[in-house]
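I have placed the structure first, in the form of C-alpha cells, so that the comments after it can refer back to it.
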Amino acid sequence: MGEDTWIAYLLSGGSPVAASEIWQFERIPAYFFEMIRDWVIGEMARSGRSRQFLIALMRTLFVQGGSRTGYLKLARESGLANNTVASGYIEQLSDALAVLPSYQWDHNKDLPQQRKPAKFHFINLSVALAFAPNRMASVHEFKELGATERGRWLEWLVAQEPSAGEASSTADAQGSSGMSPSPEACFHTSFSAAKPSRGSTIPRRSGFGPRRNTRSTSWTTPAGSTK
C-alpha cells in the first residue's frame, strides 16, 4: 500500500481483522462494521439506553465533530430529555472506550473545565465508521473526502492512539493481578496477536468488538467475561 498504509490503518480502526481484509481485498466488508455496531447497541441496551436515541446521539457527534459543544446542545440535537441524560450516554460510551470528551483546561487551577463546551472524540475509529452517515470502506473513498471532513477523521485518529495503550495496559494489569480482564479491555486486546498476511506493514493495535471464534464463523465475547 505504500504511502496509503496510514489510511488503511485509519479505516481498520487498528483491528488486525479489518486490516487484513483491506490489505487483501482493498475494502473492509460490511459485516465487520455491523458486528461493531450491534455490539455497541447491545451494550447500551443492556443498561436501559435507547437504540433510537443512541443512533441520534452518534449522528449529532458526527455533525459537531471538530467543534466544541455542551451536553445541553447534544441533548437538544439528539432528542434526549436533558443534559444529564446526554452525559450518561457519553459516560457509558467512554467506559466502552468508544467516545471521549476533550475538555478545555484551566491552567490556573490545573483542572479540566467540565462545565464549558468540549470536543467529543471518537477514540475507536471502528465505532465511528460503524455509525458514520456516509461509511467509508476503502482508501479510495477516504481520498474523495473534502479537506474539512478529512481533518475531522485525522483528529479522531490522533485521539484514538492513547486509548489503545490504556486498554492494553488495563488488560495486562488485570491479568497479572489474577482478575478477569473487563470486557472493554478484552475487546481492545483480543486481536493484538493477529497480523495481516503478505508482509503487511500496517501498524497493529488493539481491536474493538467481540473476538472471533476461530473454529467457526461466529463472533463471541471473551470467555468468562461479564458486563
Residue list, side-chain contact (heavy atoms from CB on, under 4.5 Å) with [X], at least two apart or on another chain:
X      : answer
Lys73  : Gln64, Thr69, Arg76, Glu77
Asp38  : none
Leu100 : Ser94, Ile123
Thr84  : Asn82

Rounded to the nearest 0.5 Å, how far does [atom2] of [Y] lie from [atom1] of [X]?
X      : Y     : atom1 : atom2 : answer
Leu154 : Ile7  : CG    : CD1   : 8.5 Å
Ile22  : Leu10 : CD1   : CG    : 9.5 Å
Leu93  : Arg49 : CG    : CZ    : 9.0 Å
Leu54  : Ile41 : CG    : CD1   : 6.0 Å
Ile55  : Met44 : CD1   : CE    : 11.0 Å

For [X], check side-chain hydrogen bond (donor to acceptor under 3.5 Å, both in side chains) against everything at least two apart and list the hits.
X      : answer
Glu144 : His140
Gln114 : none
Arg37  : none
Arg68  : none

Taking the ring of Phe142 and the ring of Trp6, is the distance between their centroids below 6.0 Å?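 Ring-ring flag for Trp6/Phe142: true, centres closer than 6.0 Å.
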
Considering all heavy atoms, the nearest [X]-[Y] contact:
X      : Y      : result
Pro101 : Ile90  : CD-CG2, 4.0 Å
Lys119 : Ser67  : CG-O, 3.8 Å
Pro162 : Ala159 : CD-O, 3.4 Å

Derivation of the side-chain contact (heavy atoms from CB on, under 4.5 Å) call for Leu11 and Leu125: CA-CA 7 Å; Leu11 295 173; Leu125 297 185; over 6 Å; no

Is Glu155 salt-bridged to Arg152, cutoff N-O under 4.0 Å?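 No, no charged N to carboxylate O under 4.0 Å.
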
With sequence neighbours excluded, tell me which residues meet ring-ring contact (aromatic ring centres under 6.0 Å, His included) with Phe120.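 Once residues adjacent in sequence are excluded, the partners of Phe120 under the ring-ring contact (aromatic ring centres under 6.0 Å, His included) criterion are Tyr71.
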
According to ring-ring contact (aromatic ring centres under 6.0 Å, His included), who are the partners of Phe53, at least two apart in sequence or on a separate chain?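 None.
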
Over 60° means perpendicular and under 30° means parallel, so classify the ring planes of Phe122 and Phe62, tilted if in between.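 The arrangement is tilted - the two ring planes meet at 30° to 60°.
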
Going by salt bridge (charged side-chain N to carboxylate O under 4.0 Å, His left out), name the residues that satisfy it together with Arg27, two or more places apart in sequence or in a different chain.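 Only Glu141 meet the salt bridge (charged side-chain N to carboxylate O under 4.0 Å, His left out) criterion with Arg27.
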
Sidechain-backbone polar pair: Arg59 side chain, Pro133 backbone, donor-acceptor under 3.5 Å: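 No, because the side chain of Arg59 does not come within donor-acceptor range (under 3.5 Å) of the backbone of Pro133.
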
Short side-chain donor-acceptor distance under 3.5 Å, Trp105 and Asp110: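 Yes, Trp105 and Asp110 have a side-chain donor paired with an acceptor closer than 3.5 Å.
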
Just checking, is any N or O donor in the side chain of Ser15 or Ser126 under 3.5 Å from an acceptor N or O on the other one?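 No donor-acceptor contact under 3.5 Å links the two side chains.
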
I need the full list of ring-ring contact (aromatic ring centres under 6.0 Å, His included) pairs touching residues 72-98, with sequence neighbours left out, sorted by first then second residue.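 For residues 72-98: none.
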
